[in-house]
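Right, one structure below, let's go through it.
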Amino acid sequence: DGGSVISRDESLGMSEMTSDTCAQITECFCIEDTVCGWCESSGTASETQGDCQRWVVDPYKCPRLYCSMDREKMLFYWLLACCVPLCHLAAWYAVLKYQRTVDLRQRRVLQDTDAVSASISFVTGQAKHSNEARSSAKYADVTDVGDDAREFFVLQRTFEAFQRGVDCYPEERLPCKASRPYNINVGDLSKLPGEKNFEGARVPPHRLLMTLQILLRWRTALGSNLALVCGLMFVSSLRMTLFSFSAQMLPMRIYWSMALFTKEAGALISSLQTTVSVLLSFYALGRIHWYWTMMTVGFIVQGRAHDIALIGGALGGETELEARARFALYRHLMLCFFFGYQHLTPNLKFVGFGPLLKCGLLTPEEAEILEKANSVPRTLAESWVARWIHMHIKDNAAKQQAFMAHREFRAALAGVSDLVLQRAPVSFESLLYVAVYALCLLLPFGPSQVDYENRAAVMTAAHVAIALGDGVLVAFYVSLLHLLYHLQAPFDNIGAPHDCLNPIAIMISTERKIRD
């Protein structure tokens with residue numbers, strides 16, 4: 001009938017349109033969203049296979065996943081592949097600019113002379129006592145001392161204020177509390193000068209957000225390596241972008257060669273990651289325990305100084321001569337404490353005797369004696385304390401207890417320097433550094449979680465998670481290595497100011513209790 005004739009005509013017209021469409025296709029990937037197939041042998045598209053030996057129906061199995069006829073879709077794939085590395089490049093530039101314009105580390109190095117500045121080690125925080133350094137700063141003013149150390153020398157220690165005891169105003173007889181605690185934790189960072197006060201905000205942020213904001217600052221291990229992390233994330237996203245372009249443009253044989261190289265790099269990364277994790281975790285546990293031991297030694301020194309002062313103060317009389325003797329014991333204890341930490345703290349290394357003379361802890365006669373010391377000045381100060389115990393404490397039991405406390409006091413002060421010298425063997429440290437940096441540099445080039453056989457996924461996905469995962473791993477390994485590196489100098493407030501210990505705080509705390 002008439003209806004069947006119309007349907008036959010329509011089907012013939014559609015067949016002719018399909019044949020015309022297939023005839024216009026000149027590339028294999030252009031058969032996407034059509035009913036055509038591609039004959040790889042003849043290089044033509046048709047609706048049926050016919051006599052073709054190499055027939056391709058799935059467009060994603062074509063040698064090249066590129067169609068010059070569909071420019072809008074190709075442009076979308078290119079923009080999708082380029083957006084992630086561009087975002088990482090912008091983040092990298094922002095971090096570099098931020099760290100360049102805002103120096104959050106606030107290096108406070110004494111710039112008296114070029115020689116003095118050059119002799120300060122930012123790596124280990126170590127410096128030997130030298131007569132030249134002490135003589136050059138012997139009569140230095142208190143204003144020449146760093147900001148963190150100046151608060152120790154502000155108080156004038158006079159015998160008159162000491163003799164008045166609790167009748168004297170606290171501002172005259174006790175030093176002010178240190179602005180920075182002995183050991184800084186995450187909660188203290190919101191209260192330090194120059195930091196944003198989270199507690200005073202109208203809507204306090206979550207603890208996680210506050211911690212992340214603190215970690216991203218340059219004073220922490222993560223903040224100091226943020227530029228490196230962003231750079232490696234950019235490299236990782238750039239590599240995946242190149243792979244996306246390779247899946248589209250390169251022949252399948254060349255693409256599979258690149259994919260095989262990346263798989264081999266992924267296997268190497270897996271093996272190296274196990275080795276690095278074992279070495280780094282073993283070393284990190286030991287160094288953190290060493291750091292806590294160093295902190296505990298400071299409390300031991302403080303406690304033994306309190307013991308000596310307690311015994312000496314309880315056995316003293318009320319005459320002026322006896323009061324002056326107790327004042328000398330107080331000064332000598334603080335001198336021992338100061339000289340025990342001076343050569344380990346960058347802000348105190350080249351202070352000299354001038355500030356000590358001006359604040360009243362040292363007399364000119366004692367300064368002349370200390371100038372002639374063969375070793376560190378702490379040795380003579382400890383001998384003065386021992387002689388005081390021998391001369392002024394008459395009771396044998398009390399004298400024995402005082403000498404036992406003084407022995408532990410001296411041993412703890414000597415242990416501070418001994419602990420700083422405890423380092424891992426050079427071979428182990430060099431092996432650890434090479435392994436960690438090799439892993440971090442290889443991570444962007446071999447993500448094992450990518451299915452390279454699925455070229456469609458490689459071409460169409462943005463691969464954001466791959467770059468973020470590489471960045472997280474690099475941030476963890478490099479930041480932990482940076483922390484362990486700076487923990488070798490536990491009192492270095494220049495290299496890692498928020499991870500170092502502040503001996504000024506514990507010295508001031510000790511002095512406040514000794515005076516009371």
Side-chain angles (χ1 to χ4, degrees), residues 110 112-113 115-116 119-120 125-146 149-150 152-159 162 175 301-302 304-305 308-309 312 324-392 406-407 409-418 420 491 503-504 506-508 510-511 514-515:
L110 300 180
D112 296 334
T113 60
V116 171
S119 59
I120 296 178
Q126 302 299 311
K128 294 183 178 180
H129 283 277
S130 62
N131 291 330
E132 180 182 357
R134 277 183 271 159
S135 299
S136 61
K138 178 178 178 181
Y139 297 105
D141 194 4
V142 179
T143 56
D144 297 332
V145 183
R150 187 177 297 130
F152 179 75
F153 301 98
V154 170
L155 178 68
Q156 299 297 316
R157 283 85 168 175
T158 62
F159 171 71
F162 179 83
V301 173
Q302 183 185 47
R304 299 298 82 77
I308 298 173
R324 288 189 178 276
R326 291 197 301 271
F327 182 66
L329 175 63
Y330 148 68
R331 291 190 300 103
H332 295 163
L333 285 175
M334 293 310 303
L335 286 176
C336 292
F337 213 142
F338 176 81
F339 289 134
Y341 283 92
Q342 182 185 17
H343 64 291
L344 303 174
T345 309
N347 279 345
L348 299 177
K349 276 181 186 148
F350 301 100
V351 168
F353 297 148
L356 295 174
L357 289 168
K358 190 170 183 179
C359 72
L361 283 179
L362 193 64
T363 63
E365 295 78 11
E366 293 170 344
E368 294 295 332
I369 297 175
L370 293 179
E371 279 288 338
K372 302 175 183 179
N374 295 325
S375 60
V376 292
R378 189 192 75 244
T379 305
L380 290 178
E382 290 170 350
S383 67
W384 294 343
V385 174
R387 186 175 59 180
W388 192 97
I389 295 174
H390 177 71
M391 294 179 59
H392 293 86
H406 182 55
R407 183 184 63 182
F409 179 67
R410 186 215 59 80
L413 282 175
V416 174
S417 301
D418 296 339
V420 173
F491 307 104
I504 300 294
I506 197 169
M507 282 193 286
I508 291 178
T510 303
E511 186 175 3
I514 289 178
R515 288 290 295 264

*asked:* If you apply the rule side-chain contact (heavy atoms from CB on, under 4.5 Å), what do you find for Phe339 with Leu413, and how did you get there?
replied: CA-CA 9 Å; Phe339 289 134; Leu413 282 175; over 6 Å; no

*Quick one: do Val376 and His343 satisfy side-chain contact (heavy atoms from CB on, under 4.5 Å)? Show the steps, please.*
CA-CA 9 Å; Val376 292; His343 64 291; 5.5 Å; no

_His406 and Glu382: CA distance, side-chain angles, deciding distance, side-chain contact (heavy atoms from CB on, under 4.5 Å) verdict_ = CA-CA 8 Å; His406 182 55; Glu382 290 170 350; 4.2 Å; yes

*What's the verdict on side-chain contact (heavy atoms from CB on, under 4.5 Å) for Lys358 and Phe153, showing C-alpha distance, side-chain angles and the deciding distance?*
CA-CA 8 Å; Lys358 190 170 183 179; Phe153 301 98; over 6 Å; no

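Looking at every heavy atom in both residues, Thr379 comes nearest to Ser375 through OG1-OG, 3.3 Å. Nearest heavy-atom pair across Leu362 and Ala367 is CD2-CB, 3.8 Å. Nearest heavy-atom pair across Pro377 and Leu370 is O-CD2, 3.8 Å. Of all non-hydrogen atoms in Ser383 and Leu380, the two that sit nearest each other are OG-O, 2.5 Å. Leu357 and Pro364 get closest at one heavy-atom pair: CD2-N, 3.6 Å. Here the closest non-hydrogen pair linking Gly312 and Leu329 is CA-CD2, 4.2 Å.
The CZ atom of Arg331 lies 10.5 Å from the CG atom of Leu356; values are rounded to the nearest 0.5 Å. One distance of note links CZ of Phe409 with CD of Gln302; it measures 10.5 Å at 0.5 Å rounding. One distance of note links OG1 of Thr510 with CZ of Arg304; it measures 11.5 Å at 0.5 Å rounding.
Taking the side chain as every heavy atom from C-beta outward, Gln342 and Arg378 never approach each other to under 4.5 Å. Considering only heavy atoms from C-beta on, Trp384 comes within 4.5 Å of Glu366 through its side chain. Counting only heavy atoms from C-beta outward, the side chains of Val301 and Ile506 never approach each other to under 4.5 Å. With contacts defined as side-chain heavy-atom distances shorter than 4.5 Å, the pair Val416/Phe491 qualifies. Taking the side chain as every heavy atom from C-beta outward, Phe152 and Leu361 approach each other to under 4.5 Å. At least one side-chain heavy atom of Met507 sits under 4.5 Å from a side-chain heavy atom of Leu348.
Using cut-offs of 30° and 60° on the angle between ring planes, the pair Phe162 and Tyr330 is parallel.
For His392, the side chain to side chain contact (heavy atoms under 4.5 Å, CB included) test picks out Ala325, Trp388, with sequence neighbours left out.
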